[in-house]
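So you know, we letter chains A, B, ... as the sequences are listed, proteins then strands, and number each from 1. Because the structure is predicted, anything quoted here is derived from the model rather than measured.
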Number of protein chains: 2
Amino acid sequence: MDDTEQRILDAALRVFASEGFTGATTRRIAEEANVAEVTLFRKFKSKKNLLKEVLINNQTVFSSLEDLFQLFQNEKDVDLETELRILGKNIAKAMRDKKKDSKRRMFMFMLFEEGRRRPEVSEALSSFLQMNIKPLSEYFDLQIKNGKMRTTNSRSAAITFVSYFVYTSLLREVFGDSFFGEHDEEIERFIDIFTKGILKVEEN
Amino acid sequence: MDDTEQRILDAALRVFASEGFTGATTRRIAEEANVAEVTLFRKFKSKKNLLKEVLINNQTVFSSLEDLFQLFQNEKDVDLETELRILGKNIAKAMRDKKKDSKRRMFMFMLFEEGRRRPEVSEALSSFLQMNIKPLSEYFDLQIKNGKMRTTNSRSAAITFVSYFVYTSLLREVFGDSFFGEHDEEIERFIDIFTKGILKVEEN
DNA sequence: CATGTAAGTAAGTAATTACTTACTTACATT
DNA sequence: AATGTAAGTAAGTAATTACTTACTTACATG
């Protein structure tokens, strides 16, 4: 809505993401937003409240996974493995491409730290995570119904899937690409395991 | 070695874990260790240096996964799924039981945050993660050789396995047990997916 | 032109915090 | 008994930080 407010919110997201909540200073946020520090306090009473507003401001944006799924819901003739492979690569691509997304991921990560101490934060974080896991669960339920997926707990499958992407994107953020090799190949291997499992199947 | 030093190191681990590096104060650490603040500075020049020493002090302790594997290396007649199930539950148990471990996990988690800004920290963290992933990879390589596991990239398998436990233990730490249900059941379901995959297998 | 609004400038306050200095106490070793 | 060592006490410094107050400037609207 308000240009100044939005600039402060954006700057806060960036600074919180890179410095953590405790490490972020209101001065630095104000600088980054090109406003006087006092303006920040006029608009958002306190630093704590600013964090809360950043959370509210980004709630819809955070649920980016949801969009990606809409691509798939209707096509019933593609096999599941291919579909997941495409999905995985899209997620990875979305993570890699947008610099803004990197900030958002780091912000989310900061929320984990902060959430341990502040219940409001952990609540917001929880609902965000549910937002990612829920559509994935529903997608898996659909696949089970369509007979493409064996009967497993869809939520567990979703958590397993999300675990991998959250964890590896975290590692990439901290260590750069040195920790593993090529992004897409790594994902291929994960999808292979996720779909087919690691067990050797006896051939009859 | 030195009782006082060790008490400070232990206290630092706890406080860093619960407050983060920036949030932790030297006063609080000193209190927690029952020493005068000045003693802390005499022993460990600076707060930064204290973090470094905590890292060094806990390097061996962190590689707890390694111990768990020694249980398995020799038994060749147990099937892989059962073995992994037991391993998974042991990891979960180790995470749940020891309060000290909770602090260590949170400390590790703090390192992720801090590692983005301090290369020495991310280095230490990296070598710790390798310590967990490496024995697991080797274990998988052995299973492949023994014909119990199909040929996949063992490192990818290890990362997938570790992802799940890191991510879920993180969630449990932040949200308590409310986020998912019973620990052991959840792990059963993960192992089921990890070993057999989610795809429906055509029956001939 | 008058008034209200959104923003800035400048200065400051009170608390916190990493870290220091100077001196003291308690204890162990020679 | 003398000396060294590890620890404490007390006080303080310089910087930072969240947040406030008082006043000013620029602009838009009636």
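Only one option out of B:T82, B:L87, B:I86 pairs with B:L84 in a side-chain contact (heavy atoms from CB on, under 4.5 Å); it is B:L87.
Residues passing the side chain to side chain contact (heavy atoms under 4.5 Å, CB included) test with A:L9, sequence neighbours excluded: A:Q6, A:F44, A:L50, A:E53, A:V54, A:N57.
Here the C1' atom of nucleotide C:dG8 and the CD1 atom of A:I8 are 12 Å apart, to the nearest Å. Following rounding to the nearest Å, A:K43 (NZ) and C:dT5 (C1') show an atom-to-atom distance of 10 Å. The nearest whole Å value for the distance from the CG atom in A:D2 to the C1' atom in C:dT5 is 12 Å. We find that CD of B:E31 is positioned 15 Å from C1' of C:dA18, with the value rounded to whole Å. The nearest whole Å value for the distance from the CZ atom in B:R27 to the C1' atom in C:dT16 is 8 Å. Atom P of nucleotide D:dA6 and atom CD of B:Q6 are separated by 17 Å, given to the nearest angstrom. In this structure, CG of A:L50 is placed 12 Å from C1' of D:dA18, rounded to the nearest angstrom. Taking atom CG of residue B:L40 and atom P of nucleotide D:dA7, one finds them 12 Å apart after rounding to whole Å.
Comparing D:dA18, C:dT9, D:dA7 by their nearest atom to the side chain of B:T4 picks out D:dA7.
No donor-acceptor distance shorter than 3.5 angstrom exists from the side chain of A:N146 to the backbone of A:K148, with no hydrogens or angles considered. Side chain of B:R7 to main chain of B:N34: a donor-acceptor pair is present (N/O by atom type, distance under 3.5 Å, no hydrogens or angles). With B:S163 contributing its side chain and B:I159 its backbone, the two residues share a donor-acceptor pair below 3.5 Å.
Under a cutoff of 6.0 Å and an axis angle of 45°, B:K47 and B:F16 do not form a cation-pi pair.
Under the Watson-Crick and G-U wobble criteria, each requiring two contacts below 3.5 Å, nucleotide D:dT20 is paired to C:dA11.
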Distances for protein N or O near nucleotides 19-28 of chain C N or O, under 3.5 Å:
unit_1 : atom_1 : unit_2 : atom_2 : d
C:dC19 : OP2    : B:K47  : N      : 2.8

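Remark: aromatic rings of B:F109 and A:F109 are close, center separation under 6.0 Å.
Using a 4.0 Å heavy-atom criterion, one finds that B:N49 contacts no nucleic acid atom at all. No contact: A:A30 has no heavy atom under 4.0 Å from any strand.
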